[in-house]
Trainee: 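Encoded as structure tokens, here's the structure I'll be asking about.
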Amino acid sequence: MSGSQVWDDVDDYFNSHLAHDDEALQAAVRENGIAGLPDIAVTATQGKFLHLLAQVLGARSILEIGTLGGYSTIWLARALPEDGRLVSLEYNAKHAEVAVRNIARAGLDRIAEVRVGPALESLPKLADENPPPFDLVFIDADKANNAHYVEWALRLTRAGSVIVLDNVVRGGRVVDADSAEPDVVGTRAAIELIATHPRLDGTALQTVGSKGYDGFALARVLA
């Protein structure tokens, strides 16, 4: 049995026991496919991980950078209390339209809002609103700007908040210091920022699964 087949089978086993997709999540996956969105959303087990992380933190507010079709947004928003707040930033207007429908179908449109436009334009506007610090930030957008997103996450959080940066392995290309590929350059810059910033303490884990070989970084905001 090939390595990728084993990864798929293990994901299927974990999903069936630990990360059940209900109708709202299944509908989001279907609608994303019908709309032609790229198949790059988190897996069910990754969504459940984010959900549990938010619950462990006791999160009341979450910032998501990169909505796609709202699959991860649903997992995250479900971890919030009824008076919680999730702001998700999406560059692509078509993706945002699909996400808004998926979020509403899941009954979470009172908690989660999607803002359309380049995140590096939306983030300053969000900061100008002087919102309460976000407890959790999930970054899953264009990788070239990863370091910029981490910097903004720092501005919008507090001591004890957590930042999760997805897709940091880049199929192993992250170790190529000579790479000029924007996704590798941006990801390396973010990892090195987490490593050196005095207000961050972080780590990164490699993962395998139905979406292939990848990983994520997790950082805690310090005082």
Side-chain angles (χ1 to χ4, degrees), residues 11 15 19 21-54 59 61-80 85-109 111-123 126 134 136-146 148-150 152-153 156 163-171 182-183 186-187 190 207 209-218:
D11 258 356
N15 290 346
D21 270 350
D22 59 20
E23 176 54 33
L25 289 164
Q26 292 171 6
V29 172
R30 288 195 304 270
E31 290 301 313
N32 292 353
I34 292 170
L37 273 60
D39 184 21
I40 56 174
V42 301
T43 64
T45 49
Q46 291 166 345
K48 183 67 175 291
F49 169 81
L50 293 170
H51 176 87
L52 290 173
L53 179 61
S61 59
I62 297 173
L63 172 62
E64 180 181 49
I65 304 176
T67 317
L68 193 62
Y71 183 80
S72 57
T73 317
I74 293 171
W75 276 110
L76 287 164
R78 283 178 169 177
L80 291 171
R85 183 192 189 198
L86 187 151
V87 177
S88 189
L89 310 180
E90 173 55 43
Y91 173 80
N92 187 298
K94 176 184 175 183
H95 295 178
E97 288 180 9
V98 176
V100 167
R101 292 198 298 271
N102 288 334
I103 292 165
R105 185 188 303 107
L108 296 165
D109 46 326
I111 292 175
E113 63 170 308
V114 179
R115 301 189 180 189
V116 183
L120 291 180
E121 295 179 8
S122 299
L123 286 163
L126 178 60
F134 289 96
L136 174 63
V137 180
F138 178 48
I139 302 171
D140 189 11
D142 59 305
K143 311 311 174 186
N145 285 310
N146 272 340
H148 298 304
Y149 296 147
V150 172
W152 272 107
L156 292 164
I163 301 167
V164 178
L165 177 64
D166 203 10
N167 307 127
V168 298
V169 173
R170 315 309 300 155
D183 64 328
T187 299
T207 62
S210 57
K211 295 295 178 70
Y213 171 43
D214 213 324
F216 65 91
L218 183 147

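Here the structure is a predicted model, which means the values were calculated and not measured. Values below: every heavy atom of this structure, side chains too, minus hydrogens, waters and symmetry copies.
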Trainee: Checking W75 against F49 for the side-chain contact (heavy atoms from CB on, under 4.5 Å) test, could you report, in this order, the C-alpha distance in whole Å, the side-chain angles of both residues, the deciding distance, and whether it holds?
Mentor: CA-CA 9 Å; W75 276 110; F49 169 81; over 6 Å; no
Trainee: Which heavy atom in I74 sits nearest to a heavy atom in A24, and how many Å separate them?
Mentor: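 So the two residues come closest at CD1-O, 4.4 Å.
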Trainee: Quick one: list whatever passes side chain to side chain donor-acceptor pair (under 3.5 Å) with T45, sequence neighbours left out.
Mentor: T43
Trainee: Kindly write out the residues that satisfy ring-ring contact (aromatic ring centres under 6.0 Å, His included) with Y91, not counting sequence neighbours, or none if the list is empty.
Mentor: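 For Y91 there are no ring-ring contact (aromatic ring centres under 6.0 Å, His included) partners, ignoring immediate neighbours.
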Trainee: Using side-chain heavy atoms (C-beta onward) and a distance below 4.5 Å, is L108 in contact with L80?
Mentor: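 With C-beta onward as the side chain, the pair stays apart.
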Trainee: Partners of S88 by side chain to side chain donor-acceptor pair (under 3.5 Å), sequence neighbours excluded?
Mentor: E64, T67
Trainee: Taking all non-hydrogen atoms of both residues, which atom of I62 and which atom of A54 are closest, and how far apart?
Mentor: CD1-CB, 4.0 Å
Trainee: May I have the step-by-step check of side-chain contact (heavy atoms from CB on, under 4.5 Å) for R78 and L86, ending in yes or no?
Mentor: CA-CA 10 Å; R78 283 178 169 177; L86 187 151; over 6 Å; no
Trainee: Just to verify, what does H51 make a side chain to side chain donor-acceptor pair (under 3.5 Å) with, not counting sequence neighbours?
Mentor: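 Partners of H51 by the side chain to side chain donor-acceptor pair (under 3.5 Å) criterion, ordered by chain and then number, come out as Q55.
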Trainee: Partners of E113 by salt bridge (Lys or Arg N to Asp or Glu O under 4.0 Å), sequence neighbours excluded?
Mentor: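 E113: salt bridge (Lys or Arg N to Asp or Glu O under 4.0 Å) contacts with R85, R115.
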Trainee: Which pair of heavy atoms, one from Y71 and one from A41, lies closest together, and at what distance?
Mentor: CB-CB, 4.3 Å
Trainee: Checking R170 now: which residues fulfil side chain to side chain donor-acceptor pair (under 3.5 Å) with it, not counting sequence neighbours?
Mentor: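 Expected list: D183.
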Trainee: Identify the heavy atoms of I40 and K211 that sit nearest to each other, and give their distance.
Mentor: C-NZ, 4.0 Å
Trainee: Determine whether a donor-acceptor pair (N or O, by modelled atom type, separation under 3.5 Å) exists between the side chain of D214 and the backbone of V169.
Mentor: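 A pair under 3.5 Å: yes.
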Trainee: Where do V150 and A190 come nearest, in terms of heavy atoms and distance?
Mentor: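 Closest pair (atom of V150, atom of A190, distance): CG2-CB, 4.3 Å.
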Trainee: Within the distance-only criterion (no hydrogens, no angle test), does the side chain of K48 pair as donor or acceptor with the backbone N or O of N15 below 3.5 angstrom?
Mentor: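 It does not hold such a pair.
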Trainee: Show every donor-acceptor pair shorter than 3.5 Å between a side-chain atom in residues 27-39 and any protein atom, with sequence neighbours excluded, or say none if there are none.
Mentor:
residue	atom	partner	partner atom	Å
R30	NH2	E23	OE2	2.7
N32	OD1	N102	ND2	3.0
N32	ND2	A28	O	3.3

Trainee: Ignoring hydrogens and angles, write down the donor-acceptor pairs under 3.5 Å from the side chains of residues 136-146, residues two or more places apart or on other chains.
Mentor:
residue	atom	partner	partner atom	Å
D140	OD1	K143	NZ	3.0
D142	OD1	Y149	OH	2.4
D142	OD2	N145	ND2	2.6
K143	NZ	A141	O	3.1
K143	NZ	N167	OD1	3.0
N146	ND2	K143	O	3.4
N146	ND2	T187	OG1	3.2

Trainee: Taking C-beta and beyond as the side chain, do F216 and T207 meet within less than 4.5 Å on heavy atoms?
Mentor: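 Side chain of F216 against side chain of T207, heavy atoms only: contact under 4.5 Å found.
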Trainee: Between L120 and W152, is there a side-chain heavy-atom distance shorter than 4.5 Å?
Mentor: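 W152 vs L120: side chains touch.
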Trainee: Between A119 and I65, what is the shortest heavy-atom contact and its length?
Mentor: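 Scanning both residues completely, I find the closest heavy atoms to be CB-CG2, 3.9 Å.
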Trainee: Checking N92 now: which residues fulfil side-chain contact (heavy atoms from CB on, under 4.5 Å) with it, not counting sequence neighbours?
Mentor: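 Partners of N92 by the side-chain contact (heavy atoms from CB on, under 4.5 Å) criterion, ordered by chain and then number, come out as E90, K94, H95.
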Trainee: With sequence neighbours excluded, what pairs up with V100 under the side-chain contact (heavy atoms from CB on, under 4.5 Å) test?
Mentor: V114
Trainee: In Å and rounded to the nearest 0.5 Å, what is the CG to OG distance from L156 to S61?
Mentor: 10.0 Å
